[in-house]
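Worksheet: the structure to be examined is printed underneath.
Letters go in sequence order (proteins before strands), and every chain restarts at 1.
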Protein chains: 2
Amino acid sequence: MTVAADPDQAARAALEALSTARVAQTSSTAERVADALREQVVEGRLLPGVRLGEQSFCDAMRVSRNTLREAFSQLVAERILVREAHRGVFVTTPGVADVHDVYRSRRIVEPAAVRHGENARDEAAVSRVRDAVEEGRAAAGREDWAGVADANQHFHRALVGLAGSTRLDQQMDLLLAEMRLTFHRMGTHRDFHEPYLERNDAVATLVERGELEEAAREVADYLADAETRIIASLSGART
Amino acid sequence: MTVAADPDQAARAALEALSTARVAQTSSTAERVADALREQVVEGRLLPGVRLGEQSFCDAMRVSRNTLREAFSQLVAERILVREAHRGVFVTTPGVADVHDVYRSRRIVEPAAVRHGENARDEAAVSRVRDAVEEGRAAAGREDWAGVADANQHFHRALVGLAGSTRLDQQMDLLLAEMRLTFHRMGTHRDFHEPYLERNDAVATLVERGELEEAAREVADYLADAETRIIASLSGART
DNA sequence: CGTCGCGCATCGTTCAACGATCCGGCATGG
DNA sequence: CCATGCCGGATCGTTGAACGATGCGCGACG
């Protein structure tokens, strides 16, 4: 580390750096446990319907029961887990009705977010949309279909990011996490996610050109199509 | 209740009814505690910035500390409370940035929900919009300005209810709860909420006539206006 | 006057325990 | 053979107490 000639100056610089980069107080054991569990679920290592016994997970993650329960509560609020009284918590198994409801919500939020994207932050937000498209292409290039699925999620998150509202972003994250659970119930991701690579590209270029109305309409069609395909695939399998 | 001639048929009907109407297991002490606290906050008895000490609330509500903490966690997730590490939980004090963000979200969601209201449930959903308008009128008639504020919230909730998505409804409830906190920071509710009675009526009649595009545009204007007024009132007061 | 340290109050986390509830298996009776 | 009822084990919901960690206020000291 370089020692500044003027210590006062150094202190001021350090203060500025610390104020900019928010203090990483990601502590709170419960939060870390929740993060770990959430990751296990979205990665597909914990499949829908699996029961998460308190006792077994307590000593597996080396935390107390109360701490674990606090993490569970958070994930239940995120709809990732469901709690059945005196029976335990389970990984959510989204039903057809849930998929329908999620897509009704997405059909409201996503096109509107694209249509009324705040002009100010467009530079960065638009590039995030493009980045997601490229990420999907790259993953498809190396036949990493799980990666394509991830990129797809990033794409839709970037779309609502155009609205520039933190709260909308968080709501979208919840919806996307729920979609991941649904995908895990379906077969391989390839058949489903691959066709959307080009549609993502089309939407991205429309957004880049500022043709937001067109882009919004395309997204709406996109979502309607995806919903019917998912529901077909879901009712084709076991209920 | 009518006794069916065929008892087997009756049993089948009863089974169907029970499967539809989910069993009301609203127990769980933590949930009840959370409900009680939430009510205290939205009613304005617990004002923004107030600190909620664990010890004092434990014996006040006759529950254990762990149970109370579980309720706290839920309310923190709802943004009604904020938790500062090793300092305690406080009633959220929304800043100008929060109001801005909330309204960016509302300007996306509410007009879109009105514009793309699902036609199926319209009969009931539309009447809920009208009911909220009448509720506001009645409250204004007896000079109950807090009641007018409530009716206003019901009105906007009914608007997103037109979309027919449970998840969207819940998101809207969170946003409205946050708005309540903001209102409590502002002065009396009368000056702010009274002018919107007629605009609510206008929107309701547009919706009833099926002129959804017009209604959505009106709602968008409505929200933009409300935001500027709130932010003005908020920055006029103390930060 | 400003800074440093100390004690107190509170929070975060853990542990042990008791009653309540659910699940599975067994026995009894038709 | 199948249905009904009962019982034990396992798990959850909730409580109470405890220990270390952290933040805050106050006094002492330079």
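Contact annotation: A/Thr67 side-chain N/O to C/dT13 OP1/OP2 distance is not under 4.0 Å. At the phosphate of D/dT11, neither OP1 nor OP2 sits under 4.0 Å from any side-chain N or O atom of A/Arg69.
In this structure, the CG atom of B/Asn66 is 14 Å from the C1' atom of D/dC12, given to the nearest Å. With rounding to whole Å, A/His86 atom NE2 is found 9 Å from C/dC22 atom C1'. Atoms CD (A/Gln55) and P (C/dA16) sit 11 Å apart, rounded to a whole Å. Here the C1' atom of nucleotide D/dC12 and the CZ atom of A/Phe57 are 16 Å apart, to the nearest Å. Distance CZ (A/Arg65) to P (C/dT13): 17 Å, rounded to an integer number of Å. Between B/Glu54 atom CD and C/dG12 atom C1' the separation is 8 Å, expressed in whole Å. Atom-to-atom, CZ of B/Arg83 to P of D/dG23 comes out at 15 Å; the value is rounded to the nearest Å. Taking atom CZ on B/Arg32 and atom P on D/dG13, their separation rounds to 13 Å, with Å as the unit.
Residues A/Ser64 and A/Arg87 both approach DNA chain C. Their nearest nucleotides, taken by heavy-atom distance, put A/Ser64 toward the 5′ side.
Under the 3.5 Å distance criterion, the side-chain polar atoms of A/Asp101 are matched with a main-chain donor or acceptor of B/Arg167.
Considering only heavy atoms from C-beta on, A/Thr29 comes within 4.5 Å of A/Arg32 through its side chain. A/Val91 is listed as a side-chain neighbour of A/Leu81, based on a closest heavy-atom distance under 4.5 Å.
Annotation: cation-pi geometry satisfied between B/Arg106 and B/Tyr103 (NZ/CZ under 6.0 angstrom from ring centroid, within 45° of ring axis).
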